[in-house]
Chemist: 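For reference, the structure I am asking about is given below.
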Amino acid sequence: MINKLKSKDLLGTKDLSPEEIVLILDTAESMKEISSRDIKKVPALRGKTIINLFYEPSTRTRTSFEIAGKRLSADVVNISVSTSSVAKGETLKDTAKNLEAMNPNAVVIRHPSSGAPHFIAKILKCPVINAGDGAHEHPTQALLDIFTIREKLVTSRTKKLKGLKVSIIGDISHSRVARSNIYAMNKMGMEVTVAGPATMMPADIRKMKVRVFTDLSKAIEGADVIMMLRIQLERQEKGLFPSIREYSRLFGLNLEKLKNAKGDVMIMHPGPINRGVEISADAADGPYSLILDQVTNGVAVRMAVLHLLTGGV
């Protein structure tokens with residue numbers, strides 16, 4: 001059993017081995033216990049500095065990375081690009097070099113351009129964690145999703161993630177969450193189905209070892225987990241579907257459509273939710289929803305990643 005990650009960085013699940021994924025999940029399991037204590041803090045990263053560098057808006061990811069760092073006793077610095085030198089024209093390369101000069105122990109970056117975390121990882125000596133780059137990857141989201149699935153559906157150590165059926169519905173082409181989940185789930189032996197409008201499917205989707213549907217009812221039939229995705233309006237050109245109403249009618253999840261799914265199916269969404277578009281309120285808030293569990297587990301998984309990459313004690 002391995003006890004560390006092979007790379008200094010976490011840039012995508014495509015780069016992780018199944019053993020590394022299990023290591024992160026197992027570490028997150030012990031980290032989650034910390035969050036249930038009255039005093040939610042351990043000295044694992046005391047004296048270390050984590051920088052959150054976010055070029056895009058974020059609530060769950062940035063906040064959970066901040067909480068994760070602080071629960072491990074790290075000093076956490078949040079850099080808002082709108083009030084930084086980036087607003088004055090500073091390049092990503094110069095930003096990275098200036099951060100390097102301050103000797104941080106890890107940099108967490110979210111950026112609208114695919115490959116930005118990979119670019120600064122070549123400059124920085126410290127670990128770089130990809131918190132979402134364009135429509136490319138969002139590895140910690142996929143890891144927390146799989147952690148949540150394992151927590152809820154893998155009831156014993158003898159039962160594995162292998163064979164569990166997950167259906168991912170929505171704007172697959174522009175979703176970094178979908179891409180990271182597909183890479184990671186395939187490595188864990190899970191069976192992945194994707195569905196959405198044909199205009200929102202990557203051209204190479206069938207090379208990603210998934211089943212592909214353009215019919216929601218067929219896609220969710222027999223699934224253990226249904227993961228709904230937000231329409232990535234900010235990352236796509238207009239005209240990929242007739243209207244929001246039409247998209248919701250065909251690919252929105254509600255209680256009526258759930259009649260085609262297993263009675264105990266679990267429902268997930270990476271957020272933020274567009275209620276009434278990709279998922280109805282009664283489905284999002286129903287008894288099989290794991291959406292808030294995902295948020296809770298995001299802190300534990302990000303604690304695990306920070307701990308493993310920065311050499312916490």
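As a basis for the values below, the full set of heavy atoms in this structure was taken, side chains included, without hydrogen atoms, waters or symmetry mates.
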Chemist: Could you point out which residue of I24, V301, D293 forms a side chain to side chain contact (heavy atoms under 4.5 Å, CB included) with F147?
Modeler: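 Among I24, V301, D293, the one meeting side chain to side chain contact (heavy atoms under 4.5 Å, CB included) with F147 is V301.
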Chemist: Of the non-hydrogen atoms in S167 and A223, which two are nearest, and what is the gap between them?
Modeler: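 So the minimum-distance heavy-atom pair works out to OG-CB, 3.5 Å.
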Chemist: Knowing that exactly one of V76, D75, N105, T310 qualifies, which makes a side chain to side chain contact (heavy atoms under 4.5 Å, CB included) with L45?
Modeler: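 Result for side chain to side chain contact (heavy atoms under 4.5 Å, CB included) with L45: T310.
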Chemist: Between T296 (side chain) and L292 (backbone), is there a donor-acceptor pair under 3.5 Å?
Modeler: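 Yes.
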Chemist: Answer yes if the side chains of S73 and R46 hold a donor-acceptor pair under 3.5 Å, and no otherwise.
Modeler: no
Chemist: Apply ring pair (Phe, Tyr, Trp, His ring centres under 6.0 Å) to Y183 and list each qualifying residue two or more places apart in sequence or on a separate chain.
Modeler: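 Y183 satisfies ring pair (Phe, Tyr, Trp, His ring centres under 6.0 Å) with no residue once adjacent residues are dropped.
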Chemist: Can you tell me if R179 uses its side chain to pair, donor with acceptor, with the backbone of A135 under 3.5 Å?
Modeler: yes
Chemist: Measure the CD1-CD1 distance between I182 and I172 for me, rounded to the nearest 0.5 Å.
Modeler: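 Here the interatomic distance stands at 6.0 Å.
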Chemist: Side chains of V210 and I205, heavy atoms from C-beta outward: is any pair under 4.5 Å?
Modeler: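 Yes, side chains in contact.
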Chemist: Any chance you could measure I220, atom CD1, to M228, atom CE, to the nearest 0.5 Å?
Modeler: 8.5 Å
Chemist: Any chance you could lay out the side-chain contact (heavy atoms from CB on, under 4.5 Å) test for T140 and L10, step after step, and finish with the verdict?
Modeler: CA-CA 9 Å; T140 57; L10 177 59; 3.9 Å; yes
Chemist: Distance check, rounded to the nearest 0.5 Å: N181 atom CG versus I149 atom CD1?
Modeler: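 Atom-to-atom, N181:CG and I149:CD1 are 7.0 Å apart.
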Chemist: Measuring from atom CE of M201 to atom CZ of F213, what distance do you get when rounded to the nearest 0.5 angstrom?
Modeler: 10.5 Å
Chemist: Find out whether Q141 and L144 are in side-chain contact, i.e. whether some heavy atom of one side chain is under 4.5 Å from a heavy atom of the other.
Modeler: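 A side-chain contact exists here, since the closest heavy-atom pair is under 4.5 Å.
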Chemist: Just so I know, are the side chains of L72 and M31 near enough to count as touching, which here means a heavy-atom distance under 4.5 Å?
Modeler: yes
Chemist: Could you tell me whether R211 and E191 have a side-chain N and a carboxylate O separated by less than 4.0 Å?
Modeler: no
Chemist: Do side-chain atoms of T91 reach the backbone of D94 as a donor and acceptor pair under 3.5 angstrom?
Modeler: yes
Chemist: Working note: R230 + E278, criterion salt bridge (Lys or Arg N to Asp or Glu O under 4.0 Å); need CA distance, chi angles, decisive distance, verdict.
Modeler: CA-CA 6 Å; R230 181 177 65 88; E278 69 266 10; over 6 Å; no
Chemist: With ring pair (Phe, Tyr, Trp, His ring centres under 6.0 Å) as the test, would you mind laying out the steps for H136 and H118 before giving the verdict?
Modeler: CA-CA 11 Å; H136 180 224; H118 303 69; 5.4 Å; yes
Chemist: Give a yes or no on whether a salt bridge exists between E56 and R176, defined as a side-chain N under 4.0 angstrom from a carboxylate O.
Modeler: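 Judged by the 4.0 Å cut-off on N to carboxylate O distance, E56 and R176 do form a salt bridge.
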Chemist: Is a side-chain donor-acceptor pair under 3.5 Å present for R110 with H138?
Modeler: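 A donor-acceptor contact under 3.5 Å links the two side chains.
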Chemist: Are side-chain heavy atoms of P139 and L16 found at a separation under 4.5 Å?
Modeler: no
Chemist: Donor-acceptor pair, S289 side chain versus D285 backbone, under 3.5 Å?
Modeler: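 No; judged by distance alone, with no hydrogens or angles, the pair does not exist.
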Chemist: Which heavy atom of D9 sits nearest to which heavy atom of C126, and what is that distance?
Modeler: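 Nearest pair, atom of D9 first, then C126: OD1-O, 3.8 Å.
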Chemist: Within the distance-only criterion (no hydrogens, no angle test), does the side chain of S30 pair as donor or acceptor with the backbone N or O of T27 below 3.5 angstrom?
Modeler: yes
Chemist: Looking at every non-hydrogen atom in both residues, tell me the closest pair between A116 and D133 and how far apart they are.
Modeler: N-OD2, 4.4 Å
Chemist: In sequence, state the C-alpha distance, the side-chain angles, and the governing distance for M268 and I226, and then conclude on side-chain contact (heavy atoms from CB on, under 4.5 Å).
Modeler: CA-CA 6 Å; M268 305 179 77; I226 301 172; over 6 Å; no
Chemist: Is there a donor in the side chain of Q294 and an acceptor in the side chain of T148, or the other way round, less than 3.5 Å apart?
Modeler: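 Result is no, nothing qualifies.
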Chemist: If you look at every heavy atom in A283 and I267, which pair is closest and at what distance?
Modeler: O-CD1, 3.9 Å
Chemist: How close do A121 and K8 get, counting heavy atoms only, and between which atoms?
Modeler: O-NZ, 3.3 Å
Chemist: Is it true that a side-chain atom of E137 and a backbone atom of T13 form a donor plus acceptor pair closer than 3.5 Å?
Modeler: yes
Chemist: Take V22 and M188 through the test side-chain contact (heavy atoms from CB on, under 4.5 Å) and record every step on the way to the result.
Modeler: CA-CA 9 Å; V22 171; M188 301 311 295; 3.6 Å; yes
Chemist: Nearest 0.5 Å please: distance from the CG atom of L53 over to the CD1 atom of I120.
Modeler: 6.0 Å
Chemist: Please name the pair of heavy atoms, one in S175 and one in L229, separated by the smallest distance, quoted to 0.1 Å.
Modeler: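 Result for this residue pair: OG-CD1, 3.7 Å.
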Chemist: Would the number of heavy atoms belonging to other residues, nucleotides or ligands and lying under 6.0 Å from NZ of K14 be above 12?
Modeler: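 No, NZ of K14 has 12 or fewer neighbouring heavy atoms, counting only those of other groups under 6.0 Å.
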Chemist: Considering only heavy atoms from C-beta outward, does the side chain of F54 approach that of S80 to under 4.5 Å?
Modeler: no
Chemist: Are any non-hydrogen side-chain atoms of M227 and I169 less than 4.5 angstrom apart?
Modeler: no
Chemist: What do you reckon, is CZ of R245 surrounded by more than 12 foreign heavy atoms closer than 6.0 Å?
Modeler: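 Atom CZ in R245 is not crowded, with 12 or fewer foreign heavy atoms closer than 6.0 Å.
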Chemist: Donor-acceptor check, side chain of N130 to backbone of L11, threshold 3.5 angstrom: yes or no?
Modeler: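 Checked: pair present.
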Chemist: For atom NZ of K162, decide whether the heavy atoms of other residues, nucleotides or ligands shown that lie under 6.0 angstrom number more than 12.
Modeler: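 For K162, atom NZ is not crowded (no more than 12 foreign heavy atoms under 6.0 Å).
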Chemist: Give the intermediate values and the outcome of salt bridge (Lys or Arg N to Asp or Glu O under 4.0 Å) for residues R62 and E66.
Modeler: CA-CA 6 Å; R62 197 185 82 164; E66 181 177 2; 5.0 Å; no
Chemist: Report, one line per pair, each donor and acceptor closer than 3.5 Å where one atom sits in a side chain of residues 252-266; sequence neighbours left out.
Modeler:
residue : atom : partner : partner atom : Å
N254    : OD1  : E256    : N            : 3.2
N254    : OD1  : K257    : N            : 2.9
E256    : OE1  : K259    : NZ           : 3.1
K257    : NZ   : S248    : O            : 3.2
K257    : NZ   : R249    : O            : 2.7
K257    : NZ   : G252    : O            : 2.7
N260    : ND2  : S217    : OG           : 3.1
K262    : NZ   : D224    : OD1          : 2.7

Chemist: Answer yes or no: is there a donor N or O on one side and an acceptor on the other, between the side chain of D215 and the main chain of K218, under 3.5 Å?
Modeler: yes
Chemist: Going hydrophobic residue to hydrophobic residue with side-chain gaps under 4.5 angstrom, can you get from I168 over to L153?
Modeler: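 Yes, one cluster joins them.
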Chemist: Looking at E33, is its backbone amide N or carbonyl O close enough to the side chain of S36 to form a donor-acceptor pair, meaning the two atoms are under 3.5 Å apart?
Modeler: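 Yes: the side chain of S36 pairs with the backbone of E33.
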Chemist: Dump the intermediate steps for side-chain hydrogen bond (donor to acceptor under 3.5 Å, both in side chains) on R71 and S35, then the final yes or no.
Modeler: CA-CA 8 Å; R71 287 187 179 168; S35 296; 2.7 Å; yes
Chemist: Donor-acceptor check, side chain of K122 to backbone of F119, threshold 3.5 angstrom: yes or no?
Modeler: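 Not confirmed, K122 side chain does not pair with F119 backbone.
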Chemist: When you group the ILVMFWY residues by side-chain heavy-atom contacts below 4.5 Å and let the links chain together, are V295 and I67 in the same group?
Modeler: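 Cluster IDs for I67 and V295 differ.
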Chemist: Is there a side-chain contact between V107 and I50 (heavy atoms, below 4.5 Å)?
Modeler: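 No, too far: nothing below the 4.5 Å cut-off.
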Chemist: Test I79 against I51 for side-chain contact (heavy atoms from CB on, under 4.5 Å), laying out the working first.
Modeler: CA-CA 7 Å; I79 298 179; I51 296 178; 3.6 Å; yes
Chemist: Contact between D15 and K6 at the side-chain level, heavy atoms closer than 4.5 Å - yes or no?
Modeler: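 In short, these two side chains do not touch, never coming nearer than 4.5 Å.
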Chemist: May I have the step-by-step check of salt bridge (Lys or Arg N to Asp or Glu O under 4.0 Å) for E29 and R150, ending in yes or no?
Modeler: CA-CA 10 Å; E29 197 170 303; R150 188 176 80 160; 3.1 Å; yes
